[in-house]
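Below is one structure, written out as structure tokens; comments come after it.
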Protein chains: 2
Amino acid sequence: MGVRALQKEKTRRALVDAAFNQLSAERSFSSLSLREVAREAGIAPTSFYRHFKDMNELGLTMVDEGGLTLRQMMRKGRQRAEAGGSVIRISVDTFVEVLESNPNVFRILLHERSGTSAAFRAAVAREIEHFISELSHYTEATAGRTPMLARVQAEALVTLVFNAGASALDMKRADRKVLADHLVLQLRMVAKGAEALQHKVETK
Amino acid sequence: MGVRALQKEKTRRALVDAAFNQLSAERSFSSLSLREVAREAGIAPTSFYRHFKDMNELGLTMVDEGGLTLRQMMRKGRQRAEAGGSVIRISVDTFVEVLESNPNVFRILLHERSGTSAAFRAAVAREIEHFISELSHYTEATAGRTPMLARVQAEALVTLVFNAGASALDMKRADRKVLADHLVLQLRMVAKGAEALQHKVETK
DNA sequence: TTATTGGGCGTACAGTTGTACGCCAATTTA
DNA sequence: TAAATTGGCGTACAACTGTACGCCCAATAA
């Protein structure tokens, strides 16, 4: 890759990173202005256009990138689980770790999931769909669940996890522990309940 | 009440209604400007201050009002359930009805729950807490659940319902039916699972 | 070597925002 | 009746926004 393309990539990264860094509990992506991001990245406002058509395009890039990051980390966690131990417990712990090390990645997904741009909502939905689908297959395979029940169960699990993540963002470490315990209980409820419903169908 | 106070109340309502009416899938409260709301309400921008300190105060009013509306409607639904039939099914149906007749009330709660203002998040959390608490007591009383388990269970139920509501906002009627069915299944899973967990504790 | 490309910049402009200030007129109070 | 209160308005201003346009110059292509 030429010197030129390399420098371009570097600036592009600076923009993405600048945007991520400006996110916080008090600052959502949609509240960032093009000029702010450019300023933080150390380039002129008009230079922004050399990399993205508009802020929307930047945001979608961030969602995709964030979703990928999240999935990679969760996959690593699942590998850890295969070494033995409760899948649920280990997955929750992994999730909490991810949350703590990448709060802003999680923020943009969380916020734009119910945001005002249809494109954003669709992008986040796609990322979440990845999670549901992976989990659904996993449950089908290991618990012998009906495809339909597996799907509904996976949706419930992912919903509960994401939602807990949202609450966790505002908390301190101690409260997060309690939350994690509650979450584990809730996930177990769903798992047990799904099992019960399955038996009911089978014996009918 | 004097003529004066009456007129004031009327304008105040006009402001709140104007704000609610401007909400949509593409427009969140935080994206509304004071001037827009004033324009829609038919008053001068500066007159806004005769009624609210700033947009934040308007928003909090809307959250409180919206939460109240929601709770009242759900309570009516629960009364309907007492006449017989599945509590879960009837509650879900009620919820869907509420959603369809007051989408914007639901929107502001949903969006500001993960919004950028701590005050808003707290206000929404308070409203949701009402739901959880009511439901938790209900489950304790009718299913004889442990307070702690009842609480965790209620949290899960409310989370699932709210989340389904969020997805439903974007859908057409037919898809909403499917969603409602899934939701009912998920709620049953949690109920069954909670029961199972309770027995486990009791027989130990 | 010369010509082309393209990332970055500065200037410029029109639009929108929140809000300070002062006035008016009608209701309310004294 | 006279005085005080108050909801509503218009004007004004500084801050900020997105983005069109044209220039520069270093990397690349011919």
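Numbered from 1 within each chain, the chains take letters A, B, ... in sequence-line order.
- Between Phe106(B) and Phe162(B), the two ring planes are tilted [angle within 30° to 60°].
- Here Arg89(A) pairs with Asp93(A) in a salt bridge; the nearest charged N to carboxylate O distance falls below 4.0 Å.
- Look at Glu100(A) and Arg173(A) and you find a salt bridge, because one of the NZ, NE, NH1 or NH2 atoms lies within 4.0 Å of a carboxylate O, short of that distance.
- Atom CD1 of Ile43(A) and atom C1' of dG7(C) are 9 Å apart (whole Å).
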Contact letters for nucleotides 25-30 of chain C, in which S counts primed atoms plus P, OP1 and OP2 and B counts the base, heavy atoms under 4.0 Å: -BBS--
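- Using a cut-off of 4.0 Å between Lys/Arg side-chain N and Asp/Glu carboxylate O, Glu129(B) and Arg151(B) are scored as salt-bridged.
- Residues Ser167(A) and Leu179(A) come closest through the heavy atom pair CB-CD1, 4.4 Å.
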Detail all sub-3.5 Å separations between protein N/O atoms and N/O atoms belonging to nucleotides 10-16 of chain C.
from: dG10(C); atom 1: O6; to: Thr46(A); atom 2: OG1; distance (Å): 2.9

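- Taking the side chain of Arg50(A) as heavy atoms from C-beta on, and the options dG8(C), dG8(D), dT19(C), the nearest nucleotide is dG8(C).
- Between Glu134(B) and Arg71(B) there is no salt bridge, since no side-chain nitrogen of the basic residue lies less than 4.0 Å from a carboxylate oxygen of the acidic one.
- Between Glu65(B) and Arg13(B) a salt bridge is recorded (basic side-chain N to carboxylate O distance below 4.0 Å).
- Checked for salt-bridge contact, Arg80(B) and Glu97(B) meet the test: a charged N lies under 4.0 Å from a carboxylate O.
- Residue Leu157(A) is tested with Ile132(A), Leu187(A), Val152(A), Leu183(A) for a side chain to side chain contact (heavy atoms under 4.5 Å, CB included); the sole match is Leu187(A).
- Of the residues in residues 12-30 of chain A, none has a non-hydrogen atom less than 4.0 angstrom from any atom of DNA chain D.
- With rounding to whole Å, Lys8(A) atom NZ is found 14 Å from dC9(C) atom P.
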